[in-house]
Engineer: 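What follows is a single structure, and I will ask about it in a moment.
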Amino acid sequence: MTTAKQLANFQWPWQYDFPPFFTIQPNVETQTKQIQAWCELVLDYQKHIKSYAIDVQESLSSPLFHNAKIKRKLPIDGVYLVLNALKDKGLLEWQDKKMSRALLMWRSAEEWAKLIFNWAERSGMTNTVCTLYELQLGNDVKKEEFYEIETWVLKRALRVLEKKGKAVMFDIQPNDNDNSGGVKFLS
Amino acid sequence: MDRFMWVTTISLIKGEFEVIQKHNVRIYDGDNRTNFDCGTLRLTSHQLIWDDQLQDRTISLGLNLVQKTEEVIAGFNRSAKIILYLQSKPTSQEPGPKISSQFNYIRLSFRAGGQSEYYAALCNQLSRKRWITQVTNQRQATRPSGRHMGIVGIERKIEQKQKETQSTISQAFSDLNALMDKAKEMVAIADRVAKKIEEKKGQLSDDETVQFKSYLLSMGINDPVTREEHGYGNKYHEELAKQLATFLKSLIEKSDGLMTLTDVYCMYNRARGIELVSPEDVFIACKLFESLKLPLRLREFDSGVLAVQSESHSVEVIVEKITKIIKSKGCITAEELSPLVKTSITVAKEGLSAAENLGMVCRDDSVEGLRFYLNRFMKDP
């Protein structure tokens, strides 16, 4: 759960205080704009609280979809509309068939891949092997945006690089959350 | 049999009520047949009344005189009977159909059946002895009263009542006829007053006078288009459309260029007063506005609501008006909007949804109701 302190310096968009934001607009064009705004808010919010997981039931009562100040709540249909829009952008994966929990990447795997590869080039890590652990929590990456990146996101990013022929992975476990193994960046 | 008395009018006394009656009953004086045959025998709470409509004779026997009863079931060649054993004749009693009798019982023969039911009812009434409390009144009630006696009297009374009703009805209708005759005159007067007020327009400032004027203006149509004049074809509807256009001109301006078809229909018929037109005819006539190049249009909203719109008041104009109002108020419901643009709530709703379709406004649907805001989503870069 998110605390008020965590959200203290979060910059809510103007839409958040605009009551119609919480009603799914019947006009298609308006709705597209509205959903777009929601997607941005969800990503910013998740990024702010550094969370990659979203539970639909929990999120319904979280400040994200519930503005207590203006007494408006995005109905569950709306929440699904937003989350599925994120899925279409490749930023969200449902964890179960019932669509009750999802993994959310506030940056797409491609973007992460680019960030990581740039870092590898900059710090001369190409053609050497790094462990996944080093990429997540190593001293060298402390100032990088991908510091503390979740294992499953990291693995997806590295897979993108692998496909492009820019990296090779070793001893990778099929479990999404197992960070054993390593990667070799190719120049 | 000598206990029976003549009755001139069957009238029940206070507290007395009829229980049962059977037709085709013959009275036997003891063992002997009498000529009191084929009559209707009524049982009331106080007495037995035997009544022969053909010969106009009615006799009665107080239940207080009945001592004992007996039922005889019908047999071969013999109808069912009830035997009543009677007390001796009271000395004060007036002479009845039979001065004296050797028997202290009578028999009632039910030739049309139904004696069991009758017998049960009779026993029931005898056990209740309702006559005791009102024995004094009973005497007076059975005595002849008034000039009209017997069945003829009853018939006369009914006839008289019918006549009264008839005259009341015809009187009422003659009033209505007179009103119909005057209707045309009244319409003409209303029109004249309206014109006069129209002439003095500049001098009127009072709100009430203005309102009165508007009532009068929407009151009368001098020469309603009728089928008698224009037949049943297209011509009738065309004429109707033309008259509607002239009639609605000022009204529709006042209601911001838009009126629902229902409102149009009501106002138009109210103005006609008599010679009403059907909704179907109004509808057909309104459809002709365009082809007749009249300054009105029949418009169907997405919700299926039909409205008549003046040509100069297109959707864009209404939407513009609505956005202007919302801009100044922040947000609005259809109910709040309707008085501001002087239309019905239905029209206000249609206007709002038109504005929504054009992307000018957006909605906030909450427990507080459906409110509309300016569409800031679209303005945001």
Side-chain angles (χ1 to χ4, degrees), chain A residues 10-45 47-48 56 59-86 88-89 106, chain B residues 299-305 314-338 340 345-381:
Chain A
F10 181 65
Q11 195 67 50
W12 293 100
W14 66 265
Q15 286 97 332
Y16 192 66
D17 289 325
F18 186 50
F21 192 43
F22 293 84
T23 300
I24 294 302
Q25 297 300 319
N27 181 323
V28 181
E29 284 168 52
T30 313
Q31 196 191 90
T32 313
K33 288 263 183 185
Q34 181 194 19
I35 298 298
Q36 178 58 36
W38 266 113
C39 287
E40 279 164 27
L41 171 59
V42 171
L43 295 176
D44 285 350
Y45 181 89
K47 188 175 172 182
H48 187 83
V56 175
S59 72
L60 277 176
S61 49
S62 81
L64 174 58
F65 293 124
H66 180 199
N67 185 344
K69 199 174 79 194
I70 62 164
K71 292 183 195 144
R72 290 295 185 279
K73 225 175 185 176
L74 188 67
I76 186 142
D77 302 357
V79 172
Y80 276 115
L81 219 50
V82 173
L83 297 184
N84 282 322
L86 286 167
D88 293 343
K89 288 174 201 248
W106 20 273
Chain B
R299 182 157 183 246
E300 188 173 354
F301 285 101
D302 296 338
S303 60
V305 170
S314 59
V315 198
E316 286 74 23
V317 176
I318 296 167
V319 168
E320 203 172 302
K321 205 170 255 174
I322 289 172
T323 33
K324 212 176 252 175
I325 288 169
I326 297 181
K327 219 172 253 174
S328 65
K329 299 201 125 221
C331 62
I332 204 160
T333 64
E335 287 75 17
E336 288 164 2
L337 179 68
S338 105
L340 292 175
I345 289 178
T346 327
V347 173
K349 269 184 192 157
E350 293 300 340
L352 282 167
S353 75
E356 188 179 45
N357 285 339
L358 289 171
M360 301 303 287
V361 301
C362 57
R363 61 173 64 196
D364 165 32
D365 195 358
S366 72
V367 282
E368 291 158 34
L370 185 60
R371 305 193 76 84
F372 287 85
Y373 289 74
L374 280 187
N375 193 349
R376 288 175 62 192
F377 295 116
M378 299 307 277
K379 285 192 180 136
D380 202 44

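Lettering follows sequence order; numbering is per chain, from 1. Every value quoted in this text rests on a predicted model; they were computed, and no experiment measured them.
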Engineer: Measuring heavy-atom distances to chain A, does B:Leu370 have an atom under 4.5 Å in its side chain, in its backbone, in both, or in neither?
Structural biologist: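 Nothing of B:Leu370, per the 4.5 Å heavy-atom cut-off to chain A.
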Engineer: Using the test side chain to side chain donor-acceptor pair (under 3.5 Å), find all partners of A:Asn84 that sit at least two apart in sequence or belong to another chain.
Structural biologist: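 Here the qualifying residues are A:Trp94.
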Engineer: If I measure from the heavy atoms of chain B, does A:Phe18 come under 4.5 Å with its side chain, its backbone, both, or neither?
Structural biologist: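 For A:Phe18, the side chain is the part near chain B, not the backbone.
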Engineer: Name the region of B:Asp365, side chain, backbone, both or neither, that has any atom closer than 4.5 Å to a heavy atom of chain A.
Structural biologist: both
Engineer: Between atom NZ of A:Lys71 and atom OG of B:Ser366, what is the distance when rounded to the nearest 0.5 Å?
Structural biologist: 10.0 Å
Engineer: For residues 34-44 of chain A, give me every residue with a non-hydrogen atom less than 4.5 Å from any non-hydrogen atom of chain B.
Structural biologist: A:Gln34
Engineer: For residues 24-32 of chain A, give me every residue with a non-hydrogen atom less than 4.5 Å from any non-hydrogen atom of chain B.
Structural biologist: A:Gln25, A:Pro26, A:Asn27, A:Glu29, A:Thr30
Engineer: Quick one: ring pair (Phe, Tyr, Trp, His ring centres under 6.0 Å) partners of A:His48, sequence neighbours excluded?
Structural biologist: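 Result, ring pair (Phe, Tyr, Trp, His ring centres under 6.0 Å) vs A:His48: A:Phe10.
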Engineer: Testing the basics here: between B:Phe377 and A:Lys33, what is the closest heavy-atom pair and its distance to 0.1 Å?
Structural biologist: O-CD, 3.6 Å
Engineer: State, to 0.1 Å, how close B:Asp364 and A:Pro19 come at their nearest heavy-atom pair, and which atoms those are.
Structural biologist: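 In this case the closest contact between B:Asp364 and A:Pro19 is OD2-CB, 3.3 Å.
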